[in-house]
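A short worksheet on the structure shown next.
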Amino acid sequence: MIVAHLDLDAFFAAVEELENPELRSKPLIVGGNPHGRGVVATANYEARRFGIHSAMSAAEALRRCPHAVFVTPRHTLYRDYSRAVWAVVREVVPTVERTGLDEGYLDVGEVASDFLAARAVAEAVQTAVRASTSLTCSLGVASCKVVAKVASDRRKPGGIVVVPAGSEAWFLAPFDVRRLPGIGPRAEERLRAAGIETIAALAALDDDGLKRLLPGSVGEMLRDRARGIDPRSLDLAAERISISVENTFERDLTDRERLHDELRRMAGELAKHLHDRGQTARTVTTKLRYADFSIRSRSTSLEVGIDDANRIAELACGLLDRGLHDRPGALRLVGVGVSGLAEYRQLTLIA
Ligand code: TTP
Ligand code: MG
């Protein structure tokens, strides 16, 4: 397998710079209100020199760089750019697993038979993306996903890092364990407490040590990854069929307003997932579980896909009302799901 991980550089900020070129030379922060409780979504590389990064509070970013320009995110715009990027990437490498608006895996093995050719393919992808959108991206090329993902981050912005087969473990070895995809904050803390700071140290753990620190199959999977072993193939069904959220209440609920509030919150979560993936949904389903554990669900399908939290919420609440009309009673759980997912790309073709 030869796989590339592609990640756009300073994505939201890069789009804002293209839309407003005079921002290009300035430290730019895309995120929430620096005078309120806003958070930095991303910053351009100019702003990063001040130590500003994603998820930092916008107020802190302002303190670090008082002359920075702050703009609020424009998600629709980013989705349009993302769609354009992936359309052109697929012209170079047809098989792609998109894992977010600005990142995904490319099946380079399909078009290149060795790592030298794979580098040329990665360069061709960069050139094509820049030509059609003016955005820059970085790529990591390797024999497996985990190594490609770590590699794509090494020479940002605009870099390509190729890790030829056989050098995976060597490449990963010096990095902080935190860099290994799959290591969450809890695993990191446990490893650090045991003095394991680098990916090499995790790779070198023996079975007993591993069992103590990260028991179970997750531990083995993470140690394999640290050794540059990752059996995952491209998940082409990652263009997932449905997404759902549900919640079991502490106490069974009958209050319609509270049930509606709950559904609205879930609709917001689903809308965010759809936005992140650049997708729309044609079917909304509300699930009701009654005090006696019996389950009912009600669905509605639309002609045109939606991704708007209010619209999903409105449909979900209507479906709940219908369900409770058909069978009144206190509920232990409600859930909302969306299916009939489509890429924006497809939507434009239909429109
Ligand atoms: P990233 O790829 O993590 O960041 P980036 O593209 O801005 O910068 P880099 O050059 O280091 O890749 O995330 C992609 C976009 O997702 C980013 O532009 C903004 C958004 N995002 C958030 O909204 N919040 C976050 O905490 C992160 C990490 C990203
Ligand atoms: Mg990025």
Side-chain angles (χ1 to χ4, degrees), residues 4-20 23-24 26-34 36-61 65 68-86 88-89 96-106 122 125-126 129-130 133-141 145 148-161 175-176 178-185 188 268-269 271-279 307 309:
H5 181 260
L6 177 152
D7 192 300
L8 294 168
D9 300 323
F11 178 44
F12 292 3
V15 171
E16 294 296 342
E17 287 178 4
L18 288 173
E19 293 288 312
N20 186 358
L23 294 176
R24 197 165 303 160
K26 299 176 181 158
L28 170 65
I29 291 157
V30 182
N33 180 2
R37 305 209 298 162
V39 173
V40 175
T42 194
N44 68 0
Y45 279 79
E46 191 61 33
R48 289 184 200 193
R49 294 199 295 136
F50 296 86
I52 294 164
H53 56 77
S54 297
M56 172 182 276
S57 87
E60 174 64 22
C65 185
V69 180
F70 284 80
V71 304
T72 28
R74 295 191 282 174
H75 293 282
T76 324
L77 188 63
Y78 310 146
R79 254 175 280 141
D80 290 346
Y81 273 90
S82 170
R83 189 204 323 150
V85 166
W86 292 105
V88 73
V89 169
V96 165
E97 173 191 344
R98 245 183 46 183
T99 49
L101 271 188
D102 97 319
E103 63 168 303
Y105 294 98
L106 283 54
V125 168
Q126 278 185 330
V129 168
R130 185 175 302 125
T133 63
S134 299
L135 290 169
T136 68
C137 59
S138 301
L139 291 106
V141 180
K145 280 179 160 182
K149 166 109 175 142
V150 173
S152 71
D153 204 37
R154 294 322 303 167
R155 250 178 238 156
K156 271 185 163 291
I160 294 175
V161 173
F175 300 127
D176 194 299
R178 189 189 334 123
R179 298 244 166 230
L180 190 71
I183 300 274
E188 183 190 340
E269 273 183 51
K272 188 174 177 310
H273 276 288
L274 290 171
H275 287 177
D276 288 348
R277 297 162 152 267
Q279 290 181 319
D307 67 347

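For ligands, and for the atoms within them, numbers begin at 1 and follow the listed sequence. The model shown is predicted, which means the values in this text are computed figures rather than measured ones.
- For Lys26, there are no salt bridge (charged side-chain N to carboxylate O under 4.0 Å, His left out) partners at least two apart in sequence or on another chain.
- The number of protein N/O/S atoms found under 2.8 Å from the Mg ion (ligand 2) is 3.
- Looking at Arg83 and Thr133, their side chains never bring a donor and an acceptor atom within 3.5 Å of each other.
- Every side chain to side chain contact (heavy atoms under 4.5 Å, CB included) that Pro181 has, sequence neighbours left out, goes to Val146, Lys149, Val150, Arg225.
- For the pair Ile52/Glu60, no side-chain contact is recorded, criterion being any heavy-atom separation below 4.5 Å from C-beta on.
- At least one donor-acceptor pair under 3.5 Å links the side chain of Asn44 to the backbone N or O of Leu28.
- Within the 3.5 Å criterion, the main-chain N or O of Arg74 finds a donor-acceptor partner in the side chain of Tyr78.
- Remark: the backbone N or O of Cys137 is paired with a side-chain donor or acceptor of Gln126 at under 3.5 angstrom.
- A donor-acceptor distance shorter than 3.5 angstrom exists from the side chain of Arg155 to the backbone of Ile160, with no hydrogens or angles considered.
- Using a heavy-atom distance under 4.0 Å as the criterion, the protein contacts of ligand 1 are Asp7, Leu8, Asp9, Ala10, Phe11, Phe12, Ala41, Thr42, Tyr45, Arg48, Ser54, Asp102, Lys156.
- The shortest heavy-atom contact between Trp86 and Asp102 is CZ2-C, 4.2 Å.
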